[in-house]
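These figures come from a predicted structure and were not determined experimentally.
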Amino acid sequence: MPAATDLKVLVVDDQQTIRSLVRNGLRDIGVTTIEEAADGEDALGALLTKRINLIISDFNMPRLDGLGLLRAVRMTPQLKGIAFIMLTGRADADLVARAQQFGVNNYLVKPFTVSSLRSKIEEVFGALT
């Protein structure tokens with residue numbers, strides 16, 4: 001059982017409002033180390049300089065979308081072990097299949113609750129303390 005305070009999370013979304021909602025939800029469940037990026041390209045830069053063990057990324061973003069970010073993370077040896085939760089406003093079967101093909105760990109569909117956020121994280125890491 002990992003402690004929520006041990007998680008180091010990168011929240012990636014082009015909408016500041018969504019990043020704030022995820023950040024606040026993470027704080028509510030006890031996560032204290034939270035980084036943010038506005039798109040996949042900014043996220044890759046952050047991942048190369050910061051220690052992160054969970055990425056929560058939107059699918060639909062400019063420059064580099066969530067699938068592109070997921071693919072880049074999985075193809076980069078020093079990043080490929082980072083857990084990845086895709087945040088999306090749509091749960092279509094094609095997106096789910098492509099994300100699974102590239103190694104996504106879980107999905108979180110917007111709008112979400114703090115309870116569903118915690119549940120999705122616990123499905124990846126086990127019960128949080």
Chemist: How would you list all residue pairs meeting side chain to side chain donor-acceptor pair (under 3.5 Å) that involve residues 45-63, not counting sequence neighbours?
Modeler: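 Every pair satisfying side chain to side chain donor-acceptor pair (under 3.5 Å) with a residue in residues 45-63: Asp39-Arg63, Glu41-Arg63, Asp42-Arg63, Asp58-Lys110.
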Chemist: With hydrophobic residues grouped by side-chain heavy-atom distances under 4.5 Å, do Phe112 and Val124 end up in a single group?
Modeler: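 Yes, it is one cluster - the side chains of Phe112 and Val124 are joined through contacts under 4.5 Å.
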Chemist: For Leu117 and Ile56, what are the C-alpha separation, side-chain angles and deciding distance, and is it a side-chain contact (heavy atoms from CB on, under 4.5 Å)?
Modeler: CA-CA 10 Å; Leu117 175 64; Ile56 299 175; 4.0 Å; yes
Chemist: With the side chain counted from C-beta on, respond yes when Ile121 and Leu26 share a heavy-atom pair under 4.5 Å apart, and no when they do not.
Modeler: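 A side-chain contact exists here, since the closest heavy-atom pair is under 4.5 Å.
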Chemist: Taking only residues at least two apart or on different chains, which pairs with a member in residues 119-129 satisfy salt bridge (Lys or Arg N to Asp or Glu O under 4.0 Å)?
Modeler: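 Those involving residues 119-129 are Arg118-Glu122.
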Chemist: Going only through I, L, V, M, F, W and Y residues with side-chain contacts under 4.5 Å, is there a path from Val114 to Val9?
Modeler: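 Result: yes, single cluster for both.
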Chemist: So do the side chains of Ile55 and Val12 get within less than 4.5 Å of each other, counting heavy atoms only?
Modeler: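 Touching, per the 4.5 Å side-chain cut-off.
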Chemist: Hey, is the main chain of Met61 close enough, under 3.5 Å, to the side chain of Asp65 for a donor-acceptor pair?
Modeler: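 A pair under 3.5 Å: no.
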Chemist: When you check the side-chain N and O atoms of Thr113 and Ser116, is any donor under 3.5 Å from an acceptor?
Modeler: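 Short answer, yes.
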Chemist: Less than 4.5 Å apart, side chain to side chain, heavy atoms only: is that true for Ile82 and Leu54?
Modeler: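 They are not in contact (no side-chain heavy atoms under 4.5 Å apart), so the answer is no.
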Chemist: So, Arg19 versus Gln16: side-chain donor-acceptor pair below 3.5 Å or not?
Modeler: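 Gln16 and Arg19 do have a side-chain donor-acceptor pair below 3.5 Å.
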Chemist: Nearest heavy-atom pair of Tyr107 and Val96: which atoms, and what distance?
Modeler: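 Reported closest heavy-atom pair: OH-O, 2.8 Å.
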